[in-house]
Amino acid sequence: MAQVQRMSRLMVKTLRDDPADAETLSHKLLVRAGYVRRNAAGIWSWLPLGMKVLENVSRVVREEMDAIGAQEVLLPALLPKEPYEATGRWDEYGPELFRLKDRKGAEYLLGPTHEEIFTLLVKDQCTSYKDLPVILYQIQTKYRDEARPRSGILRGREFQMKDSYSFDTTDEGLAESYALHRQAYVRIFDRLGLRHKIVSAVSGAMGGSASEEFLAPAAAGEDTFVYCPSCDYAANTEAVTFPGGEPADASAHGPVEVLDTPDTPTIETLAAFLDVPASATLKNLLVKVDGEIVAVGVPGDREVDLGKLEDHLAPAAVELVTAEDFTGRPDLVRGYVGPQGLEKVRYLADPRIAAGTAWVTGANQEGKHARNVVVGRDFAVDQYLDVVVVEEGDPCPKCSTGLKLDRAIEIGHIFQLGRKYADAMQLDVLGQNGKPVRATMGSYGVGVSRAVAALAEQTADGQGLCWPAEIAPADVHVVAAGKAAQTELALSVAEQLGEAGLRVLVDDRAGVSPGVKFTDAELIGVPKILVAGRRTAEGVVELKDRRTGEREELPVAEAVARLASARG
């Protein structure tokens, strides 16, 4: 059956200039090539070309999910409040959650993810161990009220996601379901043509134990990850942990010495004033954890990773202190805080702040710092947490080689959730011995719309988009150079290609110059471009590979046969 789309009848309007608000390559090109259009901040319409690409990504995802025995369902996006209250996520999600009320005052949310609802579905449908294991999935619109939606479809408030959930009766079964998803995700991203890395990750608000992210390296990525050039170690920066410092002999240090250090409220000014390395100083960051002031100590040459800190303390809310928080607290001297003598302030420290080590730090007096402040002698650490920002060159946790940093787009995430949601929803099935067995769960997501943007970022060139064949909106873009005979040949070739089973986009627009048509073909990014041009009268067309730029002139029959064979 012919699969031919004429551009004269296609709703597409290409743009010569980048959108004024576009920052990333994918944002610029997807708008310019007529794939998407903006409705509001973080809200996008998918146009006909964009829908074809989005559907192709969804098709690959479906095929690989079906291949592991997963079953597709479709749950609502509008969800009741109660299940999310039961798991605590109604509050934990904070301002990212879209909340609303119906006309009767009942509270609902727009689903950011569906663990609770899938758990209730399985509780309703599966009552015996014989009903498990089961893997369910959907491709659904998700909603998150991003504070700063940007980068086009990369960071939207409404987006397409495949989320799947496994339900098993044993931890061994969960591990097997997790492994099945991991393998399926590798196949999905390989078929899509996405370069990707699998990295260790933290579970965050999702909960659970094992967690890995699939990241597509790209300059536009909002995730930073580390990898080791010598071994297979890779991790999200928030998941990297390092061994603590070596304990020291506290008796080797003299007593605390208070120093006059005027105008030194920062580590840089202090280190310069005392002529000591920043690494010898102790930086104390004050934060509020669910409203309680907490101090976080790290070596002065490092920064606190607030994302890591939030993950360690979740579900508590973490925020920086403000000037008002110092009011009525004489023990907290802004710019000169030290852990010794703090009153009613919990002290958290990076493991590098080891027992018995001595530091230069604030003296809790304006314009003064203290030397020889010793851990365990002069102050106590309430809890050690690895919270420093990872830096390039930090030692690999596996082999000690200096780590490398890179940017990436998160395209997938897999979690071994365990029984967090099953416990909240009382998900039990009848076991072989006739006693209830609590189910254990996994949760697995693929960013379907994000995959489109990630592919655009990774594969585009100076002329425009350059889609991999698996997800391109067409297999061949036929261009009629402009004259009537050229248009007639282009339409004939397009029909022949369609009858051979290829998806064809044919530019038969009248009144459009050949230069504009050629520019649009490069911009739209179909893998093969076939031109009915100067040798039309001889029945010869030009075949161009969009990615390599290679061209050759072929008789129509040979061109059709070659393209059909390649599609094969």
Check whether any side-chain heavy atom of [X] sits under 4.5 Å from a side-chain heavy atom of [Y], and report yes or no.
| X | Y | answer |
| --- | --- | --- |
| V448 | L54 | yes |
| L274 | V360 | yes |
| N364 | Q340 | yes |
| M441 | Q416 | no |
| C228 | C399 | yes |
| V256 | R377 | yes |
| R302 | K283 | no |
| F118 | L136 | yes |

Could you tell me if the ring centre of [X] sits under 6.0 Å from that of [Y]?
| X | Y | value |
| --- | --- | --- |
| Y35 | W467 | yes |
| H27 | W44 | yes |
| H369 | Y336 | yes |
| F379 | Y347 | yes |
| Y165 | Y137 | no |

- Could you walk me through whether D406 and T224 pass the side chain to side chain donor-acceptor pair (under 3.5 Å) test, one step at a time? CA-CA 6 Å; D406 203 354; T224 302; over 6 Å; no
- Test E222 against R155 for salt bridge (Lys or Arg N to Asp or Glu O under 4.0 Å), laying out the working first. CA-CA 9 Å; E222 292 188 329; R155 192 182 179 100; 2.6 Å; yes
- Item | Check against salt bridge (Lys or Arg N to Asp or Glu O under 4.0 Å), K398 and D232 | CA-CA 9 Å; K398 287 183 69 174; D232 62 353; 2.5 Å; yes
[atom1] of [X] to [atom2] of [Y]: how many Å apart, nearest 0.5 Å?
| X | Y | atom1 | atom2 | answer |
| --- | --- | --- | --- | --- |
| Q426 | T119 | CD | OG1 | 12.0 Å |
| D223 | E410 | CG | CD | 5.5 Å |
| K162 | S164 | NZ | OG | 3.0 Å |
| Y185 | I68 | OH | CD1 | 8.0 Å |
| I153 | T24 | CD1 | OG1 | 9.0 Å |
| Q365 | L259 | CD | CG | 11.0 Å |

Neighbour count >12 (heavy atoms, 6.0 Å) for atom [atom1], [X]:
| X | atom1 | result |
| --- | --- | --- |
| E470 | CD | yes |
| D263 | CG | no |
| E392 | CD | yes |
| E176 | CD | no |

Testing the basics here: between [X] and [Y], what is the closest heavy-atom pair and its distance to 0.1 Å?
| X | Y | value |
| --- | --- | --- |
| I411 | H196 | CD1-CB, 4.1 Å |
| S26 | A456 | CB-CB, 3.8 Å |
| N284 | V337 | ND2-O, 3.0 Å |
| P468 | L455 | CG-CD2, 3.8 Å |
| N236 | A201 | CB-CA, 4.4 Å |
| G442 | L174 | N-CD1, 3.6 Å |

- Query: Under the side chain to side chain donor-acceptor pair (under 3.5 Å) criterion, do T87 and E115 qualify, and how do the steps go?
  - Reply: CA-CA 10 Å; T87 60; E115 280 75 9; over 6 Å; no
- Item | Option passing salt bridge (Lys or Arg N to Asp or Glu O under 4.0 Å) with R89 (candidates E82, E116, E96) | E116
Test your reading of the model: is there a side-chain donor-acceptor pair from [X] to the backbone of [Y], 3.5 Å cut-off?
| X | Y | answer |
| --- | --- | --- |
| E319 | V289 | no |
| D305 | V388 | no |
| K308 | V240 | yes |
| D249 | S251 | yes |
| S449 | Q160 | yes |
| R450 | L154 | yes |
| T281 | P277 | no |
| R144 | P112 | yes |
| R329 | E343 | yes |
| D394 | E391 | yes |

- Query: Is the Y444 ring parallel, tilted or perpendicular to the H181 ring (thresholds 30°, 60°)?
  - Reply: parallel
- Under the side chain to side chain donor-acceptor pair (under 3.5 Å) rule, what do E212 and Y178 come out as? Steps first, then yes or no, please. CA-CA 10 Å; E212 291 175 294; Y178 185 89; 3.0 Å; yes
- Task: Using the side-chain contact (heavy atoms from CB on, under 4.5 Å) rule, take I43 and Y143 through it: C-alpha gap first, then chi angles, then the decisive distance, then the call.
- Result: CA-CA 10 Å; I43 303 174; Y143 300 87; over 6 Å; no
- Message: Please evaluate residues T264 and T269 with respect to the criterion side chain to side chain donor-acceptor pair (under 3.5 Å), reporting the C-alpha separation (whole Å), side-chain torsions for both, the decisive distance (0.1 Å), and the verdict.
- Response: CA-CA 5 Å; T264 58; T269 55; 5.0 Å; no
- The residue among V345, L282, V381, D378 that forms side-chain contact (heavy atoms from CB on, under 4.5 Å) with P339 is L282
- Item | Steps toward salt bridge (Lys or Arg N to Asp or Glu O under 4.0 Å) verdict (K142, D163) | CA-CA 10 Å; K142 307 291 185 180; D163 50 329; 2.7 Å; yes
- Message: Taking the cut-offs as 6.0 angstrom to the six-membered ring centre and 45 degrees off its axis, would you call R99 and W90 a cation-pi pair?
- Response: yes
- Task: Test R346 against D382 for salt bridge (Lys or Arg N to Asp or Glu O under 4.0 Å), laying out the working first.
- Result: CA-CA 6 Å; R346 189 156 53 110; D382 294 303; over 6 Å; no
- Message: Under the criterion side-chain contact (heavy atoms from CB on, under 4.5 Å), I'd like the reasoning laid out for L285 against L309: C-alpha separation, chi angles, the key distance, then a yes or no.
- Response: CA-CA 11 Å; L285 178 71; L309 183 62; 5.6 Å; no
- Task: Test L306 against L320 for side-chain contact (heavy atoms from CB on, under 4.5 Å), laying out the working first.
- Result: CA-CA 9 Å; L306 289 176; L320 295 173; 4.2 Å; yes
